[in-house]
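To start, the structure itself, in structure tokens.
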Amino acid sequence: MIEKVAKQLHEGTLKPSDLNSDLLTTILGDVKGALADGYGKSSSNYDTNAKSKLQLNQNLYRFAGAKTFQELAKLNYFLGNKPSFADFKKEALKVNEQYNVQYLQTEFVTANRSGAMAEKWDKIQSQKQLYPNLTYKTVKDKRVRDEHRNIDEITKPVDDPFWDKWYPPNGWHCRCYVTQTDVEPTKGTPVGNPTPGFHGNVGKSNMVFNEDEHPYFIFPEADAKKIKASFEDLKLSTPDYNVVHTNKKATVEVSTWADPYDIEMNHKYAKILVDELGISVKIKAHSEYIKDRKNPEYEINDLNSDLKNINSVKGITNGFDNAKTQMGIGKNHYSIVFSLDNLKKIKLEDITKQLSNKFSATRGKNIDRVFFIRNGKAVELTRDNILKKEYATLEAIL
């Protein structure tokens, strides 16, 4: 792969700010696997802490993008003397060894340890009523840094600001850890700072690599706008789907770039569709570049679909109208998912009246099907079902 990238740079068909999806994906795979191993089996279980797990993976994706740029920029530097491709290839192999072997070893360990400590933070939060304090621990050997040895055995409350600065890992190859306890907190706090790039608490920030301090994230001002644009393009072209739920018939896949603030609700209803109807659902990437309309949440049966969590029957009409703006541009076909969980009382005719207003021989042609979810049950109505007024399955869940 590195030879192909080098050839593109040498020929001028690739610029560092373009990024490169193959290189980015390779870098991402290395650190992503390390994070998952450190976090443990629950890293792909979005039933709990879905937002933090998603944001951890988003941080790794941004890290991979930033590292891709820095590696390409360093390679590009060697083009200044207009070398032959043979000479340039030699330099490219050296840079690849530096970035993807030497640096990677340290980055792999950091991602692995951060995953373990992020998972540990979740457990700490669940047990802090019984064990309200944490004690900082080093391994107590000659390799321990002076700054870390200086805070060894310090005990502070779980929610003390001390852990916003000193929750491990606190440096490259840091082996420190914490234990949860009910012993009395230590008075006073020693002076000192973690290694630059490690200020923060991975369990709260959901960042393995600090995006404010890590040197990979320092971009030339002239390239910053183009890098961001290339990155947004990659989010859509390489959304990085991960299976987070499966049964014998179907799966829920989540893009690393799904909206973390909606992930818990979107995951909840996607699981119901999978388990109740046996259809696979993808929770799509959320792009900042889609500004004229809301990002559709799902992909179902290879079609865009959007979740409408309505609070009244009128929300059905509004949901259809909004979906048309979001996804009904031109001749695009799509589907809509309605959650009825917020409606305490609802009659079948309340819904069918709304459907009749939207579906006819000439209306609603782009809507392939409509899904309704209520109290953990789901039904699927095709356009044909609606035109024929076949509502028995819908009535059964109301």
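Owing to the predicted nature of the structure, the values given are computational and were not obtained by experimental measurement. All residue numbers refer to positions in the sequence shown, counting from 1.
Of all non-hydrogen atoms in A270 and I283, the two that sit nearest each other are CB-CD1, 4.3 Å. Summarising the geometry of L236 relative to A285, their closest heavy-atom pair is CD2-CB, 4.5 Å, with the distance given to 0.1 Å. Shown here for K156 and P185, the closest heavy-atom pair between the two residues is CA-CB, 4.4 Å. Taking both residues in full, the closest heavy atoms of S305 and I336 are given as OG-N, 3.8 Å, listed atom of the first, atom of the second, then distance. Closest approach of Y391 and L348 over heavy atoms only: CB-CD1, 4.1 Å. Scanning all heavy atoms of the two residues, the minimum distance from A258 to Q58 falls at O-NE2, 2.9 Å.
In the model, K128 has no side-chain atom that pairs as donor or acceptor with a side-chain atom of N133 under 3.5 Å. A donor and an acceptor atom, one from each side chain of D37 and N112, are nowhere located under 3.5 Å apart. K249 and S280 share no donor-acceptor pair across their side chains, judged by distance under 3.5 Å alone. A donor-acceptor pair shorter than 3.5 Å can be found between the side chains of T382 and N385. Between E211 and N59, the side chains place a donor N or O and an acceptor N or O closer than 3.5 Å (distance only, hydrogens not considered). Residues Y136 and N170 have side chains that bring a donor and an acceptor to within less than 3.5 angstrom of each other. Inspection of the N311 and N342 side chains reveals an N or O donor paired with an N or O acceptor under 3.5 Å. If you check the side chains of Y216 and E107, you find a donor sitting under 3.5 Å from an acceptor. Defined by atom type and a distance below 3.5 Å, a donor-acceptor pair is present between the side-chain atoms of N193 and K165. If you check the side chains of T251 and T246, you find no donor sitting under 3.5 Å from an acceptor.
Under a 3.5 Å cut-off, the side chain of N20 and the backbone N or O of D22 do form a donor-acceptor pair. Y298 places a side-chain N or O within donor-acceptor distance of the main-chain N or O of N266, the cut-off being under 3.5 Å. In this structure, N322 contributes its side chain and G319 its backbone to no donor-acceptor pair below 3.5 Å. For R383 (side chain) and G364 (main-chain N/O), a donor-acceptor pair under 3.5 Å exists by modelled atom type. At least one donor-acceptor pair under 3.5 Å links the side chain of D306 to the backbone N or O of E297. A distance-only check finds no donor-acceptor pair linking the side chain of S339 to the backbone of N309 [under 3.5 Å]. Distance alone, capped at 3.5 Å, places no donor-acceptor pair between the S42 side chain and the N45 backbone. Checking side-chain atoms of S43 against main-chain N and O of Y39 turns up no donor-acceptor pair under 3.5 Å. Of the possible donor and acceptor atoms, none in the side chain of N49 sits under 3.5 Å from a partner among the backbone N and O of S52. A donor-acceptor pair under 3.5 Å is absent between the side-chain atoms of T181 and the main chain of L134, judged by distance alone.
With respect to the salt-bridge test (charged N to carboxylate O, under 4.0 angstrom), the residues E232 and K235 qualify. Classification of D341 and R374 as a salt-bridged pair fails, no side-chain N sitting under 4.0 Å from a carboxylate O. Salt bridge E71/K67: absent, no basic N to carboxylate O contact under 4.0 Å. A salt bridge links D18 with K226; the closest basic N to acidic carboxylate O contact falls under 4.0 Å. Salt bridge status for K271 with D47: present, with a side-chain N to carboxylate O gap under 4.0 Å. Salt bridge D146/R149: present, at least one basic N to carboxylate O contact under 4.0 Å. Taking 4.0 Å as the cut-off between side-chain N and carboxylate O, D122 and K120 do not count as a salt-bridged pair. Using a 4.0 Å cut-off between charged nitrogen and carboxylate oxygen, E153 and K137 count as a salt-bridge pair. We find that E3 and K89 are joined by a salt bridge, their nearest charged nitrogen and carboxylate oxygen being less than 4.0 Å apart.
When each of I351, I310, D350 is checked for a side-chain contact (heavy atoms from CB on, under 4.5 Å) with L343, only I310 meets the rule. The only option from N242, T238, N57 that meets the side-chain hydrogen bond (donor to acceptor under 3.5 Å, both in side chains) definition with T256 turns out to be N242.
Judged by a 6.0 Å distance limit and a 45° cone about the ring axis, K204 is not positioned over the six-membered ring of Y167. Relative to the six-membered ring of F85, K7 meets both conditions, a distance below 6.0 Å and an angle of at most 45° to the axis.
Side-chain contact between C174 and R145: present, with at least one pair of heavy atoms (C-beta onward) separated by less than 4.5 Å. V337 has its side chain out of reach of K308: every pair of non-hydrogen atoms, C-beta onward, lies at least 4.5 Å apart. Side-chain atoms of I373 and V379, non-hydrogen and from C-beta on, never get closer than 4.5 Å to each other. At a threshold of 4.5 Å between non-hydrogen side-chain atoms, the residues Y131 and V183 do not count as touching.
Open room surrounds NZ on K41; 12 or fewer heavy atoms of other groups in view lie less than 6.0 Å from it. Residue K377 qualifies as open at atom NZ: its count of foreign heavy atoms under 6.0 Å is 12 or below. Counting non-hydrogen atoms of neighbouring residues, nucleotides and ligands closer than 6.0 angstrom, the CG atom of N81 reaches no more than 12 such neighbours. Within 6.0 Å of CD on E184 lie no more than 12 heavy atoms contributed by other residues, nucleotides or ligands.
Here the CD-CE distance, from E119 to M117, works out to 10.0 Å after rounding to the nearest 0.5 Å. To the nearest 0.5 angstrom, L394 atom CG is 13.0 Å from F371 atom CZ.
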Exercise for the section: Please assess Q98 against K74 for the test side-chain hydrogen bond (donor to acceptor under 3.5 Å, both in side chains), listing each intermediate value before the final yes or no. Expected result: CA-CA 11 Å; Q98 181 183 35; K74 185 158 188 176; 2.9 Å; yes
Carefully, step by step, assess H148 and R175 under the rule side chain to side chain contact (heavy atoms under 4.5 Å, CB included). CA-CA 10 Å; H148 299 188; R175 297 164 296 156; over 6 Å; no
- Task: Applying ring-ring contact (aromatic ring centres under 6.0 Å, His included), run through Y46 and H245 and close with a yes or a no.
- Result: CA-CA 8 Å; Y46 276 36; H245 177 70; over 10 Å; no
Fill in: Candidate pair N206 and K51, rule side-chain hydrogen bond (donor to acceptor under 3.5 Å, both in side chains), full reasoning
CA-CA 9 Å; N206 301 320; K51 179 184 174 183; over 6 Å; no
Take N247 and D275 through the test side-chain hydrogen bond (donor to acceptor under 3.5 Å, both in side chains) and record every step on the way to the result.
CA-CA 7 Å; N247 60 24; D275 292 339; 3.2 Å; yes
_The test is side chain to side chain contact (heavy atoms under 4.5 Å, CB included); show your working for F69 and L19 and say whether it passes._
CA-CA 6 Å; F69 170 78; L19 305 183; 3.8 Å; yes
Is there a ring-ring contact (aromatic ring centres under 6.0 Å, His included) between F338 and F320? Walk through the geometry before answering. CA-CA 10 Å; F338 288 102; F320 278 114; 5.4 Å; yes
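Here salt bridge (Lys or Arg N to Asp or Glu O under 4.0 Å) pairs that include residues 362-372, with residues two or more places apart or in two chains, are R369-E380.
Using a 30° and 60° split on the angle between ring planes, Y61 and W257 fall in the perpendicular class, above 60°.
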